[in-house]
Visitor: 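First, the structure itself, so that you have it in front of you.
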Number of protein chains: 2
Amino acid sequence: MKEKIYVHVADDHKILIEGIIAVINTDKEIEIKGYSLTGQEVIDWFSQKENQADVLILDITMPVLDGFQVLKHFKKKRIDQKVIVLSSYDDLKIVQEVLNLGCKGYISKNNAGEHIVNAIKTVAKGEQYFSNDIQSILLKSISGQMVPQGEMPDKFLLDSLTERELDVLKLITKEYSTIEMADLMNLSVNTVETYRKSLLKKLNVKNAVGLAMYAVKNNIV
Amino acid sequence: MKEKIYVHVADDHKILIEGIIAVINTDKEIEIKGYSLTGQEVIDWFSQKENQADVLILDITMPVLDGFQVLKHFKKKRIDQKVIVLSSYDDLKIVQEVLNLGCKGYISKNNAGEHIVNAIKTVAKGEQYFSNDIQSILLKSISGQMVPQGEMPDKFLLDSLTERELDVLKLITKEYSTIEMADLMNLSVNTVETYRKSLLKKLNVKNAVGLAMYAVKNNIV
DNA sequence: AGTCATCTCACGGAAAACCGTGAGATGAAA
DNA sequence: TTTCATCTCACGGTTTTCCGTGAGATGACT
């Protein structure tokens, strides 16, 4: 007899949660362990150690904190939570983004019903799952490039950096401190700080080392 | 009429300083601006902004703080001081080490007399100078590899890292914080701190970013 | 005219990194 | 057996980074 797979569901539309629960309940291997209506609730729920789930079904658009932020939270805290993102957007950028944030599966709401059970079982085993429409989007976009082990080039993140942010990033890789940069660039320390912060946010890394590593990988050096 | 070149001399043997001064005084383009008997004195001297010199003649073996530490101090403070190292050791490692620390010239005490004036003038112009015996050592060792722009591969530094230090270094590149590392490695936070400190010292970088960059350059990743 | 991105700066607090120094324990090499 | 490197830990202090939040100024695009 197999072990049960425990699942937590997060979506701001109660009706959708109920739908998912209904579908999931048809499979006796899977059991729902609570649900959340906002990203904050998700984080709060998982922060209590008696509340754990093998898989989290996560909507991207939610009030208070959206799905991205929930993923960021897990990544930041180094919590290795298996997450399946449930989205109404079949946008490549979003898919890439959540992949970078460590999500293990992605299904669009269009055909969630037919995929959800399978997705949960697959992800619970430690594999990745993408509903076939998402898969085709991915493949099409990365023409020729096979989907590797969840590692996606994040060139598109690089594009989102402003001039000033790039300047700061470069200096950081040269071991400059904030004060030294402010001095060099003739800016207030606060300003440089602001750029650091937005770099950390945009590139979604934990600290200056993460920024440096990012810079290296994208040969900004 | 050319501008004068101001020189500061540091060596723990007064007699050697006097010798150098005597030699230098034969050239009216160069003028001595003070001397120091310990590394600490050097740092103290330069820390006063009325005390500046174009070129610092620096002995490696000195009490209180040796020449290495003086160079490290300049590098750390990002002071672009031109330094000629004066050493009794014609050891390759030492030459490489001081080159990495940003020194611009190296002459051995054996033939300091015939080289010192020329070395000072060369370095003052912004070029590098090595007495010919040092040059031959360098060339011999890096068989085939021409002396580049003062950038020397520091593989030998890498060798000096211990297992534990390497472990920590790797984790640092993965954006781990000290606390997280201590947790993961089952060590006290203090211990991990110790490794960080010795990494910073050994690799002679300013901060964690420097460590990460070093790791990348030497493909430790 | 209004929205938007970017650049600039501020402030206060929490966390982490950095620094210096000292020291016990162990095991290998001289 | 003594020296040496390495690994381990501690303590207290300073500096830097990180976080959150808010906001004015400018110029571009709608």
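Computed from a prediction, not measured in an experiment: that's the story for all the values here. Throughout, protein chains are lettered first and strands after them, A, B, ... in sequence-line order, and every chain is numbered starting at 1.
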Visitor: It should be established whether A/Thr178 places a side-chain nitrogen or oxygen under 4.0 Å from OP1 or OP2 of nucleotide D/dT16.
Guide: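 No, because none of the side-chain N or O atoms of A/Thr178 sits under 4.0 Å from OP1 or OP2 of D/dT16.
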Visitor: Is B/Asn190 near enough to D/dA10 that one of its side-chain N or O atoms lies under 4.0 angstrom from OP1 or OP2?
Guide: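 For B/Asn190, the contact criterion (side-chain N or O under 4.0 Å from OP1 or OP2 of D/dA10) is met.
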Visitor: Among D/dG20, D/dC9, C/dC7, find the nucleotide with the atom closest to the side chain of B/Leu187.
Guide: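 Closest of the options to the side chain of B/Leu187: D/dC9.
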Visitor: For A/Arg78 and C/dA16, give me the distance from atom CZ to atom P, rounded to whole Å.
Guide: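 Distance check: A/Arg78 CZ to C/dA16 P gives 11 Å.
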Visitor: By nearest atom, which of the nucleotides D/dT8, D/dC7, C/dT8 is closest to the B/Thr162 side chain?
Guide: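 Closest nucleotide to the B/Thr162 side chain: D/dC7.
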Visitor: Could you tell me the separation between the CG atom of B/Leu211 and the P atom of D/dT17, rounded to a whole number of Å?
Guide: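 B/Leu211 atom CG is separated from D/dT17 atom P by 14 Å.
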Visitor: Is there a donor N/O on one and an acceptor N/O on the other, under 3.5 Å, for the side chain of A/Lys197 and the base of D/dT21?
Guide: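 In this structure, the two groups form a donor-acceptor pair.
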Visitor: Taking side chain as C-beta onward, heavy atoms only, is A/Thr173 less than 4.5 Å from A/Val216?
Guide: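 A/Thr173 vs A/Val216: side chains apart.
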Visitor: Hey, are the side chains of B/Ile57 and B/Val7 touching, using non-hydrogen atoms and a 4.5 Å cut-off?
Guide: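 Yes, at least one pair of side-chain atoms sits under 4.5 Å.
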Visitor: Could you walk me through whether B/Asp54 and B/Lys33 pass the side chain to side chain contact (heavy atoms under 4.5 Å, CB included) test, one step at a time?
Guide: CA-CA 10 Å; B/Asp54 299 302; B/Lys33 289 218 27 175; over 6 Å; no
Visitor: OP1 or OP2 of C/dC19 versus the side-chain N and O atoms of B/Lys76: is any pair under 4.0 Å?
Guide: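 The answer is yes; a side-chain N or O of B/Lys76 sits under 4.0 Å from OP1 or OP2.
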Visitor: Is the phosphate of D/dT8 approached by B/Tyr195 (side-chain N or O, under 4.0 Å from OP1 or OP2)?
Guide: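 Yes.
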Visitor: Measure CE/A/Met181 against P/C/dC9 and give the value in whole Å, please.
Guide: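 Rounded to whole Å, this separation is 14 Å.
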Visitor: Where the side chain of A/Asp66 meets the backbone of A/Phe68, is there a donor-acceptor pair that is under 3.5 Å apart?
Guide: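 Here the side-chain-to-backbone pair exists.
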Visitor: Here's a test of your reading of the structure: between B/Val189 and B/Glu163, which maps to the more 5' nucleotide of DNA chain D?
Guide: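 Going by which nucleotide is closer to the 5' end, it is B/Glu163.
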Visitor: Figure out the CG/C1' separation between B/Leu166 and D/dT6, and round it to whole Å.
Guide: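 Whole-Å distance recorded here is 13 Å.
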Visitor: What's the CG-P distance between A/Asp167 and C/dC7, to the nearest Å?
Guide: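 Those two atoms, CG and P, are 9 Å apart.
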Visitor: Within this structure, what is the CG-to-P distance between A/Asn186 and C/dC9, rounded to whole angstrom?
Guide: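 Atom CG in A/Asn186 sits about 9 Å away from atom P in C/dC9.
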Visitor: If you find the nucleotide of DNA chain D closest to A/Lys201 and the one closest to A/Tyr176, which residue's nucleotide is nearer the 5' end?
Guide: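 Between the two, 5'-proximity favours A/Tyr176.
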Visitor: Which part of the nucleic acid, if any, lies within contact of A/Glu193, taking any heavy atom under 4.0 Å across all strands shown: a base, the sugar-phosphate backbone alone, or nothing?
Guide: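 Base, at least one base atom sits under 4.0 Å.
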Visitor: Please report the distance, rounded to the nearest Å, between CD1 in A/Ile172 and P in D/dC18.
Guide: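 Going from CD1 in A/Ile172 over to P in D/dC18 covers 7 Å.
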Visitor: Of the nucleotides C/dA17, D/dT17, C/dC18, which one has an atom closest to the side chain of B/Asn207?
Guide: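 Ranking C/dA17, D/dT17, C/dC18 by closest atom to the B/Asn207 side chain puts C/dC18 first.
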Visitor: Taking the nucleotide of DNA chain C with the closest heavy atom to each, which residue, B/Thr194 or B/Lys206, is nearer the 5' end?
Guide: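 Looking at the nearest nucleotide for each, B/Lys206 comes out on the 5' side.
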Visitor: Checking contacts here: which listed nucleotide (D/dC18, C/dC19, C/dA16) is nearest the side-chain heavy atoms of B/Leu200?
Guide: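 Closest of the options to the side chain of B/Leu200: C/dC19.
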Visitor: Could you tell me whether B/Glu180 and A/Lys206 make a salt bridge, using a distance below 4.0 angstrom between a side-chain N and a carboxylate O?
Guide: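 The answer is yes: the pair qualifies as a salt bridge.
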Visitor: Does C/dA10 have its OP1 or OP2 closer than 4.0 Å to a side-chain nitrogen or oxygen of A/Ser188?
Guide: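 Yes.
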Visitor: Whole-Å distance between C/dC19 P and B/His73 NE2?
Guide: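 After rounding, the reported distance stands at 12 Å.
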Visitor: With respect to the phosphate group of C/dT8, does any side-chain polar atom (N or O) of A/Thr191 fall under 4.0 Å of OP1 or OP2?
Guide: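 Checking A/Thr191 against C/dT8: no side-chain N or O falls below 4.0 Å of OP1 or OP2.
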Visitor: Considering only side-chain heavy atoms of A/Arg196, which listed nucleotide, D/dC19, D/dT17, C/dA17, is closest?
Guide: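 So the nucleotide nearest the side chain must be D/dT17.
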Visitor: So, for A/His73 and A/Phe46, is the gap between ring centers shorter than 6.0 Å?
Guide: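 Ring-ring flag for A/His73/A/Phe46: false, centres at least 6.0 Å apart.
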Visitor: Hey, does B/Glu165 reach any base, or is it just sugar-phosphate, or nothing, if we go heavy atoms under 4.0 Å?
Guide: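 The answer is nothing, as B/Glu165 stays clear of every strand by at least 4.0 Å.
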